[in-house]
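Encoded as structure tokens, the structure appears first; notes follow it.
Quick caveat: nothing in here was measured; it's all calculated off a predicted structure. For the single chain, residues carry numbers from 1 onward in sequence order.
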Amino acid sequence: MLVRVCGDIDTAEEAVQDAFVEALERWPTTGVPPSPAGWIVTTARNRAVDRYRRESVRDERHAEAERRLARDEVPDELEDGPMRDDQLRLIFTCCHPALATSAQVALTLRLLGGLTTAEIARAFLVPEATMAQRLVRAKGKIRDARIPYRVPEPKERPERLRAVMAVIYLVFNEGYTASSGDRLVRDDLCREAIRLGRLLVELVPDEPEAAGLLALMLLIDARRATRTTRDGALVLLADQDRSAWDHALIDEGQTLVRRCLQLNRPGPYQIQAAINAVHSSAARAEDTDWRQIVALYDLHQSIAPSPIVQLNRAVAVAEVEGPAAALALVDALGLDAQHRWHAVRADLLRRLDRRAEAIAAYDAAIALSANATERAFLEKMRALGSDPLGGAQGL
């Protein structure tokens with residue numbers, strides 16, 4: 001509410017931080033108020049008013065924001081409209097076409113996705129300092145260009161849809177495989193991304209990529225409970241108890257995939273969903289149709305080429321043509337800044353009985369991994385030299 005009314009992200013963030021500090025000081029003695037969220041909003045609003053009053057110079061926009069804040073007034077066009085979920089609405093407004101797509105995604109992840117600057121930097125494969133600068137520039141452009149925080153009209157949504165889907169997917173990815181920390185999975189982020197995905201499908205029911213994104217998240221999330229042991233150790237896809245997968249989510253995801261196929265407008269999310277549908281259709285790991293998966297990765301690469309797609313395709317190629325053919329593909333990518341690239345190489349080298357090279361690759365993957373669960377798994381693989389790593393779908 002503060003960002004939309006003030007039109008200034010930094011002011012809103014600072015006001016909310018002030019409100020949380022005051023809550024930490026007061027609530028232990030006065031008790032938690034009946035409406036904690038309302039207390040935070042009211043206190044933050046008052047702090048924003050105080051901040052504007054302390055400024056010696058205020059432009060017309062700031063003065064109007066102060067008047068609205070003081071009156072507890074929020075513009076009608078922001079409170080009404082077709083989007084019933086405020087967070088999804090704000091994701092759309094942050095994904096303004098005046099910003100570069102990467103800036104839209106990064107800023108929305110920082111403000112609304114619950115991700116730190118470091119986590120976003122890992123998602124974009126850039127240093128944390130670089131990402132911090134991008135976020136500052138994006139906020140500055142919104143402020144200086146006076147980009148309005150409002151609900152986009154239906155005709156404006158298509159140009160923002162790609163960034164919105166990217167935000168939701170990156171939130172899910174961070175939840176499903178945390179980029180850092182002691183836990184492999186952050187359940188809260190998985191649930192929130194799927195909730196937003198469902199709302200997006202309701203908003204744009206005729207957009208197959210939105211349905212494909214939801215299907216992809218559902219099919220992957222169906223395996224969440226089986227990805228770790230009771231003590232938190234990582235379990236590969238081939239070793240998971242498939243009877244314990246959430247088959248209701250699988251059925252829903254596969255239904256969405258079939259609907260996408262009927263529309264015949266393939267896109268990256270739909271293709272990734274189809275790949276995971278193949279995995280979920282196999283009663284046993286050895287029943288997986290790897291040739292179909294390779295073909296789907298070929299289609300993905302023709303529509304939206306990327307080194308990550310090629311890396312995942314190489315993992316599937318290893319199951320069809322053998323580890324030597326896959327290793328040649330992996331080595332040609334040269335993704336030496338990514339721990340997953342080193343991990344896949346290590347597994348392929350181990351399968352080729354090139355032990356010294358495999359150990360060196362495991363060492364590189366361990367050094368680059370920031371997640372304790374993945375790092376422990378890689379260390380186990382290095383020590384034991386057993387069990388294939390499996391790549392993207394294997395993890």
Side-chain angles (χ1 to χ4, degrees), residues 122-125 165-166 169-170 172-177 179 184 209 212-213 215-224 227 234-240 253 257 266-282 285 288-351 361 364-365 368-369 371 374 377-378 381 387-395:
R122 292 191 192 99
F124 279 83
L125 309 178
M165 290 190 292
Y169 187 43
L170 286 173
F172 179 80
N173 274 348
E174 181 62 29
Y176 194 71
T177 304
S179 60
L184 180 69
E209 274 292 84
L213 172 59
L216 172 62
M217 295 189 295
L218 293 173
L219 291 167
I220 295 176
D221 197 57
R223 307 194 295 261
R224 176 157 43 107
R227 294 186 66 229
L234 187 149
V235 179
L236 296 179
L237 177 60
D239 300 324
Q240 291 173 13
V257 170
Y269 294 118
Q270 297 172 71
I271 296 169
Q272 292 178 71
I275 290 169
N276 280 275
V278 174
H279 283 295
S280 65
S281 298
T288 304
D289 189 345
W290 288 105
R291 292 186 182 278
Q292 184 178 1
I293 290 175
V294 170
L296 286 167
Y297 275 124
D298 288 339
L299 178 59
H300 193 315
Q301 186 66 12
S302 69
I303 292 176
S306 81
I308 299 301
V309 172
Q310 295 179 51
L311 179 62
N312 292 340
R313 179 184 180 278
V315 173
V317 168
E319 302 301 320
V320 177
E321 301 179 21
L327 182 61
L329 297 173
V330 171
D331 284 343
L333 298 176
L335 299 173
D336 54 357
Q338 291 198 43
H339 81 279
R340 295 251 328 281
W341 180 77
H342 290 287
V344 171
R345 283 194 78 247
D347 174 62
L348 296 173
L349 289 165
R350 180 195 60 79
R351 291 165 66 178
L368 290 170
S369 177
N371 183 278
E374 282 192 328
F377 173 79
L378 292 167
M381 293 293 298
D387 294 338
L389 181 65
Q393 60 272 9
L395 295 176

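- For A285, the side-chain contact (heavy atoms from CB on, under 4.5 Å) criterion is met by A238, R242, not counting sequence neighbours.
- The closest side-chain heavy-atom distance from R313 to D298 is below 4.5 Å.
- Taking CG of N371 as the start and CZ of F377 as the end, the distance is 12.5 Å to the nearest 0.5 Å.
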If you apply the rule side-chain contact (heavy atoms from CB on, under 4.5 Å), what do you find for R227 with T177, and how did you get there?
CA-CA 10 Å; R227 294 186 66 229; T177 304; 3.3 Å; yes
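- In this structure, the separation between CE on M165 and CD on E209 is 5.5 Å, given to the nearest 0.5 Å.
- Residues satisfying the salt bridge (charged side-chain N to carboxylate O under 4.0 Å, His left out) criterion with D289, sequence neighbours excluded, are absent altogether.
- With sequence neighbours excluded, the residues satisfying side-chain contact (heavy atoms from CB on, under 4.5 Å) with I308 are S306, N312, L335, Q338.
- Remark: D336 engages no residue in a side chain to side chain donor-acceptor pair (under 3.5 Å) (not counting sequence neighbours).
- No side-chain heavy atom of R340 sits less than 4.5 Å from a side-chain heavy atom of L368.
- Side-chain contact check for Q292 and Y297: no donor-acceptor pair (N or O, by modelled atom type) lies under 3.5 Å.
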side-chain hydrogen bond (donor to acceptor under 3.5 Å, both in side chains), that's the test. Do Q272 and Y169 meet it? Break it down for me.
CA-CA 12 Å; Q272 292 178 71; Y169 187 43; 2.9 Å; yes
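- Summarising the geometry, atom CD belonging to Q301 is positioned 4.0 Å from atom CD belonging to Q310; distances are rounded to the nearest 0.5 Å.
- Annotation: the span from E374 atom CD to H339 atom NE2 amounts to 4.0 Å, rounded to 0.5 Å.
- Going from atom CZ of F172 over to atom CD1 of I220 covers 5.0 Å, rounded to the nearest 0.5 Å.
- Applying the side-chain contact (heavy atoms from CB on, under 4.5 Å) rule to L349 yields the partners L327, R345, R354, E357, A358, A361; only residues at least two apart in sequence or on another chain are considered.
- At least one cation-pi condition fails for R223 and Y176: the charged atom is not both under 6.0 angstrom from the six-membered ring centre and inside a 45 degree cone around its axis.
- Qualifying side chain to side chain donor-acceptor pair (under 3.5 Å) partners for T288, counting only residues two or more places apart in sequence or in other chains: none.
- Rounded to the nearest 0.5 angstrom, L299 CG and I275 CD1 are separated by 9.0 Å.
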Mind running salt bridge (charged side-chain N to carboxylate O under 4.0 Å, His left out) on R351 and E319 for me, showing each step along the way?
CA-CA 11 Å; R351 291 165 66 178; E319 302 301 320; 3.5 Å; yes
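- A donor-acceptor pair is defined here as one N or O able to donate and one able to accept, closer than 3.5 Å; no such pair exists between the side chain of S369 and the backbone of A365.
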Go through it in stages, so that I can follow the logic: the residues are V278 and W290, the test is side-chain contact (heavy atoms from CB on, under 4.5 Å), and I'd like the CA-CA distance, side-chain angles, deciding distance and then a yes or no.
CA-CA 9 Å; V278 174; W290 288 105; over 6 Å; no
